There are 2 protein chains.
Amino acid sequence: MTLAEENYLKAIYHLEQEFKNGVSTNALAEEMNTKASSATDMVKKLAEKNMLTHIPYQGATLSDAGRAYAVKVIRRHRLWEVFLVEKLNFSWDEVHEVAEHLEHINSDKLVDELDAFLGFPTYDPHGDPIPDKEGNFTYIEKIVLAKGEVGTTYKCIGVDDTSSEFLKYLDSNNIGLGTIVKVLHKEPFDNSIKLALGDSEIVVSQSVAKNLYLKKV
Amino acid sequence: MTLAEENYLKAIYHLEQEFKNGVSTNALAEEMNTKASSATDMVKKLAEKNMLTHIPYQGATLSDAGRAYAVKVIRRHRLWEVFLVEKLNFSWDEVHEVAEHLEHINSDKLVDELDAFLGFPTYDPHGDPIPDKEGNFTYIEKIVLAKGEVGTTYKCIGVDDTSSEFLKYLDSNNIGLGTIVKVLHKEPFDNSIKLALGDSEIVVSQSVAKNLYLKKV
DNA sequence: TTAATAATTTAGGCAAATCTAAAAATATGT
DNA sequence: ACATATTTTTAGATTTGCCTAAATTATTAA
Ligand SMILES: [Mn+2]
Ligand SMILES: [Mn+2]
Ligand SMILES: [Mn+2]
Ligand SMILES: [Mn+2]
């Protein structure tokens, strides 16, 4: 598998969560920051390699082999992110870019020893689950802040948007994984939400509310 | 700099130690396991980028920028080798291949934090010096076993050949970095050398003697 | 000092991954 | 139902890094 093929497989895997019945060429091209014609070419190549099935004009669906391969790349990505934060003093908004490169280094020994060195972590710095060697995820139920209930106390356990901008925004408002928040008010006008955060209160916009994951505590 | 360009720069850097007056196309092609025509193409491209000077039919010579870049890649390579051995339980014969990939990940923060995490090592698992952030090497005088003197005691401090085969041979004969040996006899017939190694004696061939570096102790 | 030999470069092509532009298929709205 | 809009595919180029074969330049040896 080439670097480009690995990246396409990962993108298709992520898009399949959203589009259950086949990933469209346009969606894939957008995710990959390429043009639709490039996506078509690659989909045909991956179909040739039995990594996915493709019905022309109908979208692509990963095969078991393709899904397993995508999960393998995701495992590497998330383990490296943990390494960067835990061992090399990276902050959670700096790791993604470097992990995009590290994830393509193909050595089972490297990945499995790294896993052990890190103590077999199950979540990455953004709260995303890390599949084990066999590809199994440990899932935790999570709800998005936008759907939180007034009066309920939650713990922050993940983010959807992992852009540096969003993560730095959270940092500057003292929100991180593990932070405890209570929903005080949901404003119907603009869907902003007022939270209790330690001793203080904070109002977050709908964009924030849609990108922060919580669990009841 | 692309992956291929980085690898060519590194190869030219290494060959310049041997061929002081310009690296020939053929030598470069052999080092890179490509054909001479490919080496010519790349040399022209690197000359275009001011990484080296190339006089047609006369060989290539790195510019200061090219040499600095090559040293940077070598620094990454050797730091990752240390990481793999010290932290991930790799043996010295397994690290090179993986480091060949890790060395191309281009993040100053990554490399410098890794350096700090490892305690600023000055030598890699094969006894090769690791340049610092500014590109300065700490050199230690070393002599090759083939030129060792009978009756003298030495410490093993490096290898020339870093192939898995050679390193495994050394492992199986209990020779590693730090091992103390005494030269007992040099056989003129085949240039083999008899060594005292702890309580036992061992005879090593000329091939071994030319690839093991020592310093007087 | 030539002629053979060796090294190097040039010419022309190929595969991967991308692009633009055009054609074909599908979806949508009245 | 049918014209229009959208999506997807195809056709034809481009760039990078590599190849083989042929031409060119340098070296060597008689
Ligand atoms: Mn990431
Ligand atoms: Mn992540
Ligand atoms: Mn190495
Ligand atoms: Mn080494």
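Letters go in sequence order (proteins before strands), and every chain restarts at 1. These figures come from a predicted structure and were not determined experimentally.
With DNA chain C read from its 5' end, the first of the two nearest nucleotides for A4(A) and Q58(A) is the one closest to A4(A). With DNA chain D read from its 5' end, the first of the two nearest nucleotides for P56(B) and S24(A) is the one closest to S24(A).
Heavy atoms of T34(B) sit under 4.0 angstrom from primed sugar atoms or phosphate atoms, though from no base atom. Counting non-hydrogen atoms under 4.0 angstrom, T2(B) reaches the backbone sugars and phosphates but no base. Contacts of A36(B) with the nucleic acid, taken as non-hydrogen atoms under 4.0 Å apart, include base atoms. Among the heavy atoms of the strands lying under 4.0 Å from S38(A) is at least one base atom, whether or not backbone atoms are also near.
One side chain, S192(B) or D190(B), offers a donor N or O that lies under 3.5 Å from an acceptor on the other.
Side-chain N/O atoms of H54(B) include one lying less than 4.0 angstrom from OP1 or OP2 on dT9(C). Residue T40(B) has no polar side-chain atom (N or O) positioned under 4.0 Å from OP1 or OP2 of dT10(C). Distances shown here put every side-chain N or O of K35(A) at or beyond 4.0 Å from the OP1 or OP2 atom of dT8(D).
In this structure, CG of L46(B) is placed 13 Å from P of dT9(C), rounded to the nearest angstrom. With rounding to whole Å, K44(A) atom NZ is found 8 Å from dT9(D) atom P. Between the C1' atom of dT5(C) and the CG atom of N26(B) lies a distance of 13 Å, rounded to the nearest Å. Going from atom CG of N21(B) over to atom C1' of dT27(D) covers 17 Å, rounded to whole Å. Whole-Å rounding puts the M42(A) CE to dC19(C) P distance at 11 Å. dT24(D) atom P lies 22 Å from atom CD1 of I55(B), rounded to whole Å. Nucleotide dA7(C) holds its P atom 11 Å from the CD atom of E30(B), rounded to whole Å. If you take CG of N33(B) and C1' of dC19(D), they are 15 Å apart, rounded to a whole angstrom.
Listed for the Q17(B) side chain is a donor-acceptor partner under 3.5 Å among the backbone atoms of Y13(B).
A donor N or O paired with an acceptor N or O is found under 3.5 Å between the base of dT20(D) and the side-chain atoms of S37(B).
At a non-hydrogen distance threshold of 4.0 Å, nothing from residues 66-73 of chain B comes into contact with DNA chain D.
In this structure, K142(A) forms no cation-pi arrangement with Y154(A), as its terminal cationic atom is not both closer than 6.0 Å to the ring centre and no more than 45° off the ring axis. Relative to the six-membered ring of F120(A), K133(A) misses at least one condition, a distance below 6.0 Å or an angle of at most 45° to the axis.
For Y8(B), the listed nucleotide lying nearest its side chain is dC18(D); candidates were dC19(C), dT20(D), dC18(D). Of the candidates dT8(D), dT9(C), dT10(D), the closest approach to any side-chain atom of D41(A) belongs to dT10(D). For Y57(B), taking side-chain heavy atoms from C-beta onward, the closest of the listed nucleotides dT7(D), dT24(D), dT18(C) is dT24(D).
No more than 12 heavy atoms of other residues, nucleotides or ligands sit less than 6.0 Å from atom CG of N21(B). Counting heavy atoms of neighbouring residues, nucleotides and ligands inside a 6.0 Å radius, atom CG of D64(A) does not exceed 12 of them.
The ring of Y123(B) has its center no closer than 6.0 angstrom to the ring center of F137(B). For H96(B) and H126(B), the ring centers are positioned 6.0 Å apart or more.
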